[in-house]
Amino acid sequence: MRDLLIYNSLSNKKEIFEPIKEGYVGMYVCGPTVYSNVHLGNVRTFMSFDMIYRYFLHLGYKVRYVRNITDAGHLTDDSEEDKISTKARLEKLEPMEIVQKYTTDFHQILQKFNFLSPSIEPTATGHIIEQIEAIKTILKNGLAYEVNGSVYFDVLKYNETEHYGILSKRNIEDAIENTRALDGQSDKRNPQDFALWKKAEPEHIQRWNSPWGVGFPGWHLECTVMSTKYLGEVFDIHGGGMDLKFPHHECEIAQAQACNHQAPVRYWMHGNMLTMNGKKMSKSTGNNILPEEIFTGDNDNITKGYAPSVARFFMMQAHYRSVLDFSNDAIMASEKGHNRLMEALVVLESLKAEATSTLDVSAWKEKCYAAMSDDFNTPVLIAHLFEAVKWINLLKEGRESLMAQDLKLLLETLSVFVFDVLGLENTQESDDGSKKLDALVRILIDMRNEARENRDWALSDKIRDQLLAMGIQLKDGKEGTMYSIH
RNA sequence: GGCGUCAUGGCCGAGUGGCUAGGCAGGGCUCUGCAAAAGCUCGUACAGCGGUUCGAAUCCGCUUGACGCCUCCA
């Protein structure tokens, strides 16, 4: 098998992927905090890893893909309030109601985008006991301290023997020098220390018993605990958005080292941000667009709705490690390209085999795999797919030819990459309603063609123009009239 | 202030020390009753200034600009 290159954020270069166990991949991706609807930026990261998961599966790896749900709430500031309880109070709901609501929303959105389900989707609240055990271990190993019902990770102590900042390429010394004004209220010995367990104030709703009193687990612990529980103390790939690199992933490394005395992850992968109007999409700033708004067009930044597969294609046209800027013009251009690709696939199925092949399908297929195996380069893959689109059209016109086996190989390979790996869908799916619509439109097409034969241009143009006005476009071609619905 | 990333043709967006990215838009052509659609085809870009080199958009330095992280964030 060809080498698979993966860009490792730990070394900042592409490395040949060598799984810990031949044929198996353990992959952990930081999931959403379920206190509001996921926006398109959140979706991008998960989609990148969905594509990566799909490619591994296609290559024949047995993949255990773990993507968590953060439902324990993260501290937002020193007010001892966390996101989930804040939202719960606002909506007068139980925290677990919030969690349920947005978890369901998350799943529905991903389903629309044609995501594959992860192998395990663990929750933070389902692993409180494991988190408490991890804290005990870190305390026992002398890398944490208890203050006033809370437990903090001792970053300076850790840094004496390990490098805190190994992933984000920071030096703790620099961080200390550049620390902002102290808040004065913290129990921390050093501002760089982070909470493993936090004492719950009376008004804090989410709370659990622990050896240090009633409280709740810290920001970063759940991922350490759940990844090692399901994938082992050392596993192949850990992914997440670029914005989690520091401090979240840095803390994960420190916690895992403190527990197990070894680096937990072989390959760290970070997806880049989706921006809009040149700025990062973010829940807190409001600079974001919801998936549902993409589908319906109900957002000031877009002029119409777009199918989930079109949004997916839009994202796959950029490399996962590049910043991608969302705009109406950009996704509209993607929609046209997406549809052209899908139409070529339909044409391909109707092509007839010839006695000779004038195109080298095997070499083309090889290029597709080479693109994907070079750090999952979907934009280059898509460029190759469009080369196939061009071929298909030339084949249709009889300007090139393929033997049966090459035709089959082209169809199979194209299907694999378009549907299995990129996870795109042909949006012209036919349900019962659309079948009836299809029959209706065909009747009108027949009537129009009769009118055309009678040179009754007034009638034929009327049928054409009125259908177009309601979004049904007729397309006259050599093989008869086709149509598409917009 | 610290750390880091990036600046590509009208737009989006890859890649690379010398050889076509690709998509969208635009020009030309084919098809067509006229259109539309579709197809074919064309364009020759890499922020600025230095340097290395036979040769750089691709490597190095500086400048400018943008963005990300440093605080919850995919």
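Numbers restart at 1 for each chain; the letters A, B, ... are given by sequence-line order, proteins then strands. All values below were derived from every heavy atom in this structure, side-chain atoms included, with hydrogens, water molecules and symmetry-related copies excluded.
Taking atom C1' on both nucleotides, B/G27 is separated from B/G9 by 15 Å, rounded to a whole Å. Annotation: B/C46 and B/G13 have their C1' atoms spaced 13 Å apart (nearest Å). The separation of B/U52 from B/C19, taken at their P atoms, amounts to 22 Å, rounded to a whole angstrom. Of the C1' atoms belonging to B/U44 and B/G2, the separation is 42 Å, rounded to the nearest Å. Nucleotides B/U63 and B/C54 are separated by 28 Å at their P atoms, to the nearest Å. Distance noted for atom P between B/C49 and B/U8: 16 Å (whole Å). Rounded to whole Å, the C1' atom of B/C31 lies 11 Å from the corresponding atom of B/C40.
Counting only N and O atoms by type, the side chains of A/His220 and A/His249 include no donor and acceptor under 3.5 Å apart. No donor-acceptor contact under 3.5 angstrom links the side chains of A/Tyr102 and A/Asp71, judged on distance only. Between the side chains of A/Asn328 and A/Thr303, at least one donor-acceptor pair of N or O atoms lies under 3.5 Å. No hydrogens or angles considered: a donor-acceptor pair under 3.5 Å links the side chains of A/His248 and A/Glu252.
With a 6.0 Å cutoff to the six-membered ring centre and a 45° limit on the axis angle, A/Arg312 counts as a cation-pi contact of A/Phe115. A cation-pi contact links A/Lys283 to A/Tyr35, judged by a cut-off of 6.0 Å to the six-membered ring centre and 45° from its axis. Both tests pass for A/Lys304 against the ring of A/Tyr306: distance under 6.0 Å to the centre and angle within 45° of the axis. Relative to the six-membered ring of A/Phe246, A/Arg170 meets both conditions, a distance below 6.0 Å and an angle of at most 45° to the axis.
Listed here is the closest heavy atom pair of A/Val265 and A/Ile237: CG1-C, 4.2 Å.
Judged by Watson-Crick or G-U wobble contacts below 3.5 Å, the nucleotide B/U64 has B/A7 as its partner. Partner assigned to B/C29 is B/G39, using Watson-Crick or G-U wobble distances below 3.5 angstrom. Across all strands shown, B/U52 forms no Watson-Crick or G-U wobble pair with both distances under 3.5 Å. Pairing of B/A14, defined by two Watson-Crick or G-U wobble distances under 3.5 Å, is not identified with any nucleotide. In this structure, B/C69 forms a base pair with B/G2, meeting either the Watson-Crick or the G-U wobble geometry with both donor-acceptor distances under 3.5 Å. In this structure, B/A57 forms no base pair with any nucleotide, since neither Watson-Crick nor G-U wobble geometry is met with both distances under 3.5 Å.
With hydrogens and angles ignored, a donor-acceptor pair under 3.5 angstrom links the side chain of A/Asp461 to the base of B/G33. Residue side chain A/Arg170 does not reach the base of B/C70 through any donor-acceptor N/O pair under 3.5 Å, judged by distance alone.
Note on A/Asn272: every side-chain N or O is 4.0 Å or more away from OP1 and OP2 of B/G68. The shortest distance between the side-chain N/O atoms of A/Lys367 and the OP1/OP2 oxygens of B/A21 is not below 4.0 Å. Note on A/Lys245: every side-chain N or O is 4.0 Å or more away from OP1 and OP2 of B/G68. Taking side-chain N and O atoms only, A/Lys280 has a distance below 4.0 Å to OP1 or OP2 of B/C69. Residue A/Arg464 has no polar side-chain atom (N or O) positioned under 4.0 Å from OP1 or OP2 of B/A36. One finds no side-chain N or O of A/Arg452 lying less than 4.0 angstrom from the OP1 or OP2 phosphate oxygen of B/C34.
The side chain of A/Ala383 lies closest to B/A21 when the candidates are B/A21, B/A37, B/C40. Of the candidates B/A38, B/C40, B/C69, B/C40 carries the atom nearest the A/Arg399 side chain, counting heavy atoms from C-beta on. In this structure, the nucleotide among B/A35, B/G39, B/C70 sitting nearest to the side chain of A/Pro247 is B/C70. When each of B/A25, B/G39, B/A74 is scored by its nearest atom to the side-chain atoms of A/Glu397, the top-ranked nucleotide is B/G39. For A/Lys283, taking side-chain heavy atoms from C-beta onward, the closest of the listed nucleotides B/A74, B/A14, B/C40 is B/A74. Here the nucleotide nearest the side chain of A/Asp476, chosen from B/C34, B/A74, B/A38, is B/C34. Comparing atom distances between the A/Ser282 side chain and each of B/A37, B/A38, B/C73 picks out B/C73 as nearest. In the set B/G23, B/G68, B/A25, B/A25 carries the atom at the smallest distance from any side-chain atom of A/Lys336. Side-chain proximity of A/Leu244 to B/G33, B/C67, B/A74: nearest is B/A74.
When rounded to the nearest whole Å, the span between CG of A/Asn328 and C1' of B/C24 equals 12 Å. As rounded to whole Å, 18 Å separates atom P of B/G22 from atom CG of A/Asp374. Remark: P of B/G13 and CE of A/Met332 are 16 Å apart, rounded to the nearest angstrom.
Residue A/Trp457 and nucleotide B/G33 are classified as a stacked aromatic pair, their ring centres being separated by less than 5.5 Å at an interplanar angle below 30°.
Among the heavy atoms of the strands, none lies under 4.0 Å from A/Asp465. Across all strands shown, A/Leu274 has heavy atoms under 4.0 Å from base atoms, whether or not it also approaches the sugar-phosphate. Base engagement by A/His39 is indicated by at least one non-hydrogen atom pair under 4.0 Å involving a base atom. A/Gly165 comes within 4.0 angstrom of no nucleic acid atom, judged by non-hydrogen atoms across all strands. Note on A/Met281: a base of the nucleic acid sits closer than 4.0 angstrom, heavy atoms only. Nucleic acid contact class of A/Met242 (heavy atoms, under 4.0 Å, all strands): none.
Comparing A/Ser168 and A/Leu394 by the nucleotide of RNA chain B that holds the closest heavy atom to each, the one mapping nearer the 5' end is A/Ser168. Of the residues near RNA chain B, A/Phe246 and A/Gly271, the one whose nearest nucleotide (by heavy atom distance) lies more toward the 5' end is A/Phe246.
Applying the ring-ring contact (aromatic ring centres under 6.0 Å, His included) criterion to A/Tyr164, with sequence neighbours excluded, gives no partner residue.
For the segment residues 314-324 of chain A, residues with any heavy atom less than 4.0 angstrom from an atom of RNA chain B are, sorted by number, A/Gln317, A/Ala318, A/His319, A/Ser322, A/Leu324.
In A/Asp300, the CG atom is not crowded: 12 or fewer heavy atoms of neighbouring residues, nucleotides or ligands sit closer than 6.0 Å.
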